[in-house]
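Take a look at the structure set out below.
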There are 2 protein chains.
Amino acid sequence: MAACNTSSIRRDCFTCQSRERAEWCALNKEELRLLDKAKVVREYRPGEVIFHQGDPCRGVHCFETGMVGLRKIDADGNSILLGLAYPGDTLGYRSFLVGEDHGASAETLKPSTICFLDGATVRTLLKHNPALGLQFLQTVARELGAAEERILQSVTLSVRARFAHLLLVLKDRYATSGKDGRFELELPLARQDLAAMIGIRPETMSRAIKQLEEDGVAYFSGRSVAVPDVKRLLREIEPESYL
Amino acid sequence: MAACNTSSIRRDCFTCQSRERAEWCALNKEELRLLDKAKVVREYRPGEVIFHQGDPCRGVHCFETGMVGLRKIDADGNSILLGLAYPGDTLGYRSFLVGEDHGASAETLKPSTICFLDGATVRTLLKHNPALGLQFLQTVARELGAAEERILQSVTLSVRARFAHLLLVLKDRYATSGKDGRFELELPLARQDLAAMIGIRPETMSRAIKQLEEDGVAYFSGRSVAVPDVKRLLREIEPESYL
DNA sequence: CGCCAGGTTGATTTCGCTCAAGCAATGTGG
DNA sequence: CCACATTGCTTGAGCGAAATCAACCTGGCG
């Protein structure tokens, strides 16, 4: 609802840490100046919506700090979390590139700082600097690979296996310790959002967690998870593995 | 195994009908000459494999005539058809762009003519002509949108609804008649491949077909399907629709 | 304090998979 | 030309995984 006050700290694209990890690293000084002038910074509280599925796509969003989730809803109201986005990511670029309305919603999961870039500016930059387009090409192609992988997994793997896979993915970003096979991590998501990540009901998520605990694969307490042996987790995904 | 004889008819990129529908329409005369010189034409019989999942990706394939399927297999041997490709499509570009091994296999479903373009040539062209990159960007972005749609559908829709959706997609390409709501189409796929398209077992496909017939939604005979009313099919996907 | 969203648990049902058999069309070798 | 594999499709019976429905519990928070 109420917009947060615009950044008290001066934000500029030249010193932006996220930029260097993003597609925009392809830009030169002059282009950066254009970027910097065009951007509109905005702070979001957790749970705010950056754009809605179905909204016309007027540009892209540069994700500077925080955490956001991409949610997709179908005609019956079923929704899943397509994925999480992190600082350095660009949001809404897919819809922008094909000139469609947004195919998913983006909402903040933690306090976030996100810049908006209007379509005209992005188009200018794309036309002006071919390297930028190639950067995006890389990103989209990687995303597409991940999406295809996920299609396969969603129809072939059990809930348990998909959840194990999710834990492994989250581990790479959130694991706090990693001595031998053991590791722990703080989940960035509530149960129901974990469920939405693999397209299941919250009840089923509860039961899956219980099962993994009973089998000694992982232990849950609030948002923290302890995994005694990564290999056990891996074996959930490839049953006949020779680990 | 045995390679078919190379095209008896002279194939060249200048007059290639498929090219104009493909990303390569962005190329000028000079670049086309390069393309034409680099390409290796090959004819395939039905069921031949163009590239295997896991193979190193040495370039891309330009699909001139025929029909091919993209198949993805997981560690347990479960496989699904990611999709079908048609003349004008470029195959294997995703793996090529991110520099990975092929993430899926491509196999011909009908006799096909497909040109191979080595990676070096494609890289040269991409660097030389920014518009080509933007064309690919469009393509990948569109594909990504479709893939995300499919992820959602695969976890939220029933087999029946997914099959209805598949029929509607095939209709757009293969429908033979379309008076009022009625239409007929020749399926380009065997039952087991239809099943693989939506990630189910052949047995389940049989039963789904039977159900739709019992409910008067669609009638199957060999590879031909008759649908008396498209709206019935649409309603399968959005139950609470107000059609 | 009562309320409420998020989470857990249990009972039941439904959907799709597995396993197994049978069948028709096609091909193959003797 | 016939006996026989092979392949694709269908059908049935039983099972298991996940959804659904419903209750209840918990920890904030006004």
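Below, chains carry the letters A, B, ... as their sequence lines are ordered, and counting in each starts from 1.
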*With under 30° as parallel and over 60° as perpendicular, where do the rings of F163(B) and F220(B) fit, or are they tilted in between?*
parallel
*Mutual orientation of the aromatic rings belonging to F51(B) and H102(B) [parallel < 30°, tilted 30-60°, perpendicular > 60°]*: parallel
*Do any N or O atoms from the side chain of R162(B) and from the backbone of I198(B) form a donor-acceptor pair under 3.5 angstrom?*
yes
*Donor-acceptor pair, side chain of S154(B) and main chain of V155(A), under 3.5 angstrom*: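 Judged by distance alone, no pair lies under 3.5 Å.
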*Where along residues 158-165 of chain A does a heavy atom come under 4.0 Å from DNA chain D, residue by residue in number order?*
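The answer is S158(A), V159(A).
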*asked:* Within residues 200-208 of chain A, which residues have any heavy atom lying less than 4.0 Å from an atom of DNA chain D?
replied: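 Contacting residues: I200(A), R201(A), E203(A), T204(A), R207(A).
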*Can you establish whether the number of heavy atoms outside R160(B) located under 6.0 Å from its atom CZ is more than 12?*
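Yes, enclosed.
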*asked:* For R58(B), I'd like to know if atom CZ has over 12 heavy atoms of other residues, nucleotides or ligands within 6.0 Å.
replied: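 No, not enclosed.
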Within this structure, what is the [atom1]-to-[atom2] distance between [X] and [N], rounded to whole angstrom?
{"X": "F220(B)", "N": "dG8(D)", "atom1": "CZ", "atom2": "C1'", "answer": "17 Å"}
{"X": "E214(A)", "N": "dT9(C)", "atom1": "CD", "atom2": "P", "answer": "9 Å"}
{"X": "R223(B)", "N": "dG8(D)", "atom1": "CZ", "atom2": "P", "answer": "11 Å"}
{"X": "N78(A)", "N": "dA18(D)", "atom1": "CG", "atom2": "P", "answer": "17 Å"}
{"X": "I198(A)", "N": "dA17(D)", "atom1": "CD1", "atom2": "P", "answer": "15 Å"}
{"X": "I80(B)", "N": "dC17(C)", "atom1": "CD1", "atom2": "P", "answer": "13 Å"}
{"X": "Q192(A)", "N": "dA19(D)", "atom1": "CD", "atom2": "P", "answer": "15 Å"}
{"X": "R191(A)", "N": "dG27(D)", "atom1": "CZ", "atom2": "C1'", "answer": "14 Å"}

*Indicate whether the side chain of T176(A) and that of E184(A) have a donor and an acceptor atom separated by less than 3.5 Å.*
no
*Taking only side-chain nitrogens and oxygens of K210(A), does any of them come within less than 4.0 Å of OP1 or OP2 of dG10(C)?*
yes
*Please report the shortest heavy-atom distance between M197(A) and L81(A), naming the atom on each side.*
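In this case the closest contact between M197(A) and L81(A) is SD-CB, 3.6 Å.
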*Any Lys/Arg nitrogen of E107(B) or R71(B) sitting under 4.0 Å from an Asp/Glu carboxylate oxygen of the other?*
yes
